[in-house]
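To start, the structure under review is shown below, and the notes come after it.
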Amino acid sequence: MNEENRKKESIKLSVIIPVYNTEKYLKRCVDSVLSQTYKNLDIILVDDGSTDGGGSICDRYADADTRVRVYHQENGGVASASKAGALHAIGEYVILLGSDDWIEADGYELMMKRVEQYHPDIVAIGYKKEYAGFIEECGQVIADGFYEREDFWNAFQEKINEAPFFCQPIDMSLANKAIKTELWKKHQLKCSENLKKNVDDAVVFPCLLEMNSIYVESAYFAHYCVRKTSVTWEARKGDYERFLCLAGSLLSSMENSPQKTDVGKKFLLYKLFYHLILDVPEKLIDSEKCMIYPQVKPGSNIIVYGKGVFANRFMIRIKEMDYCSIVDNIDKSDADRLLEINEKQYDYIVIAAFHSAIVTDAMGVLAKLGIAKEKVLCMEKENMTADLLPAEAGKLWENMSGREISKV
């Protein structure tokens, strides 16, 4: 079979890109898709009421390439735009890509090669987080390879059990996953349009619970752009209500799943705390107690290790409450600065991260610098208990788990 025939007969992949006021990044995103070595693409741009030049840019791409279709709608948020894309996708598999993200040229060819070899419901690869000053590689925790459903969940639970801290064995991003369109569409169309962020979690988690097979490969072709002006970083009115909406969705997905085991529920509890600290940290830090780092008392002096969304929201809340003093904020790139700080100036170095691999790496960095173990805090598994959940979230948990929790 010649190359041209191979392209014609290959499996079609729909790439859906919701677009809202990302004119600065949009060309990089779409160009990266158009330049893929895998050519059998159905590219759907959903202009979600952009007020910059994004809508016009989308139209120009549609005029220039027959694989590109554009749909304009009033602003409804990323869940609404993703649903619009779902209604028009014609590929056998689908990828949802953020308009400020991009994919390396061989990325989709690798993913579709795995599709053609194994025909899994999901193909998941790694991704790179692009910060202002550095790039962080985020591979999957589960080993590479093909998994039937039972084997996947056994490996998933094994990783949760063996991790020294909370672990997300596979990430919940849509941008680095090719999912069978029927499976993805089912859960994307169910996703509440009230969610303005964390939409990926509300879709990927039920897809994982329902899928029959998955191929995992930690190749780093997808790039996620970390912008401090994005919705993920900003506190917004209604964040707690949206958290409860997401919690309800995740718990409902688990309710009738065969993965509703003690380990599965431990992971889901971790997810709830993860979104609490990212979206509504005020629910976990009050004037008397820091529930996620109970050793940190009012008036303590701390150094925060980490500069991601988690660390940012954590520090904002600490300052709002005047809970304690932040002596410095460091990460791996400038941890050497600790050598210039007398250890008597701080009580603890708080590792403000969830990902087990990041926490482990941070502890290694601090150990090399000679920092005493008792000076280093991370989010310990035993500290994340259901009784710490806010009342409304605790009630949702009780309904799912079937047992009452005691409040502290």
Which value, rounded to the nearest 0.5 Å, describes the distance between [X] atom [atom1] and [Y] atom [atom2]?
| X | Y | atom1 | atom2 | value |
| --- | --- | --- | --- | --- |
| Cys324 | Ile285 | SG | CD1 | 8.5 Å |
| Gln36 | Arg67 | CD | CZ | 9.5 Å |
| Ile17 | Leu45 | CD1 | CG | 5.0 Å |
| Ser50 | Asn21 | OG | CG | 5.0 Å |
| Ser252 | Phe205 | OG | CZ | 10.5 Å |

Given Leu208 and Met172, is the side chain to side chain contact (heavy atoms under 4.5 Å, CB included) satisfied, shown in steps?
-> CA-CA 9 Å; Leu208 289 172; Met172 297 291 154; 3.8 Å; yes

Side chains of [X] and [Y]: does their closest heavy-atom pair fall under 4.5 Å?
| X | Y | value |
| --- | --- | --- |
| Asp42 | Arg69 | yes |
| Val350 | Ile303 | no |
| Leu389 | Leu276 | yes |
| Asn312 | Lys307 | no |
| Lys177 | Trp184 | no |
| Lys395 | Asn399 | yes |
| Gln259 | Gln157 | yes |
| Phe314 | Ile292 | yes |

Using a cut-off of 6.0 Å, state whether more than 12 heavy atoms not belonging to [X] lie near its atom [atom1].
| X | atom1 | result |
| --- | --- | --- |
| Glu320 | CD | yes |
| Glu150 | CD | no |
| Lys332 | NZ | no |
| Lys27 | NZ | no |

Keeping the roles fixed (side chain from [X], backbone from [Y]), state whether a donor-acceptor pair exists under 3.5 Å.
| X | Y | answer |
| --- | --- | --- |
| Asn198 | Asp201 | no |
| Asp100 | Tyr25 | no |
| Ser253 | Ser249 | yes |
| Ser14 | Gly91 | yes |
| Asp239 | Val280 | no |
| Ser32 | Ile103 | yes |
| Ser173 | Ala175 | yes |
| Ser218 | Gln140 | yes |
| Asp48 | Pro18 | no |
| Asn40 | Ser10 | yes |

Does any donor atom in the side chain of [X] or [Y] lie under 3.5 Å from an acceptor atom in the other side chain?
| X | Y | value |
| --- | --- | --- |
| Asn194 | Glu241 | no |
| Ser56 | Asp59 | no |
| Asp31 | Tyr61 | yes |
| Gln73 | Ser80 | yes |

Could you walk me through whether Gln295 and Asp347 pass the side chain to side chain contact (heavy atoms under 4.5 Å, CB included) test, one step at a time?
-> CA-CA 10 Å; Gln295 300 95 324; Asp347 299 300; over 6 Å; no

Please lay out, stage by stage, how Glu92 and Lys180 fare under the test salt bridge (Lys or Arg N to Asp or Glu O under 4.0 Å).
-> CA-CA 6 Å; Glu92 296 171 63; Lys180 277 188 176 178; over 6 Å; no

Compare every heavy atom of [Y] with every heavy atom of [X], then report the nearest pair and how far apart it is.
| X | Y | answer |
| --- | --- | --- |
| Gly53 | Glu23 | N-OE1, 3.2 Å |
| Phe243 | Ala393 | CE2-CB, 3.9 Å |
| Tyr270 | Gln168 | OH-CB, 3.6 Å |
| Leu250 | Leu268 | CB-CD1, 3.8 Å |
| Ala89 | Thr181 | CB-CG2, 4.4 Å |
| Phe221 | Leu110 | CE1-CD2, 3.3 Å |

Between [Y] and [X], does any NZ, NE, NH1 or NH2 come within less than 4.0 Å of an OD or OE carboxylate oxygen?
| X | Y | result |
| --- | --- | --- |
| Arg242 | Asp279 | no |
| Arg337 | Asp334 | yes |
| Lys128 | Glu136 | no |
| Glu130 | Arg28 | yes |

With Ile179, which of Ile95, Leu174, Leu96, Val123 fulfils side-chain contact (heavy atoms from CB on, under 4.5 Å)?
->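 Of Ile95, Leu174, Leu96, Val123, side-chain contact (heavy atoms from CB on, under 4.5 Å) with Ile179 is met by Leu174 alone.
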
For a side-chain contact (heavy atoms from CB on, under 4.5 Å) with Met363, tell me which candidate from Ile349, Ile351, Ile371 qualifies.
-> Ile351

Taking Tyr215 as the fixed residue, which of Tyr147, Tyr118, Phe152 is the one that meets the ring pair (Phe, Tyr, Trp, His ring centres under 6.0 Å) rule?
->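 With Tyr215 as partner, Tyr147, Tyr118, Phe152 yield a single ring pair (Phe, Tyr, Trp, His ring centres under 6.0 Å), made by Tyr118.
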
His223/Tyr127 aromatic ring centres below 6.0 Å |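 No, the ring centres sit 6.0 Å or more apart.
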
Can the ring centroids of Tyr274 and Phe310 be said to lie less than 6.0 angstrom from one another?
-> no

Passing candidate, side chain to side chain donor-acceptor pair (under 3.5 Å) with Tyr240, options Glu282, Lys283, Glu392 | Glu392

What's the verdict on salt bridge (Lys or Arg N to Asp or Glu O under 4.0 Å) for Lys159 and Glu162, showing C-alpha distance, side-chain angles and the deciding distance?
-> CA-CA 5 Å; Lys159 290 299 181 184; Glu162 71 182 26; 3.2 Å; yes

CA sep, side-chain torsions, deciding dist, call: Glu210, Lys186, salt bridge (Lys or Arg N to Asp or Glu O under 4.0 Å) = CA-CA 11 Å; Glu210 189 174 322; Lys186 174 181 177 180; 3.0 Å; yes

Aromatic ring pairing Phe267/Phe156, orientation class (parallel under 30°, perpendicular over 60°, tilted between) |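 Perpendicular: the ring planes of Phe267 and Phe156 meet at over 60°.
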
Give the C-alpha distance, both sets of side-chain angles, the deciding distance and a yes or no for salt bridge (Lys or Arg N to Asp or Glu O under 4.0 Å) between Glu217 and Arg114.
-> CA-CA 9 Å; Glu217 183 150 354; Arg114 299 309 183 206; 2.7 Å; yes

Is Lys375 close enough and on-axis enough to Tyr346, meaning under 6.0 Å and within 45°, for cation-pi?
-> yes

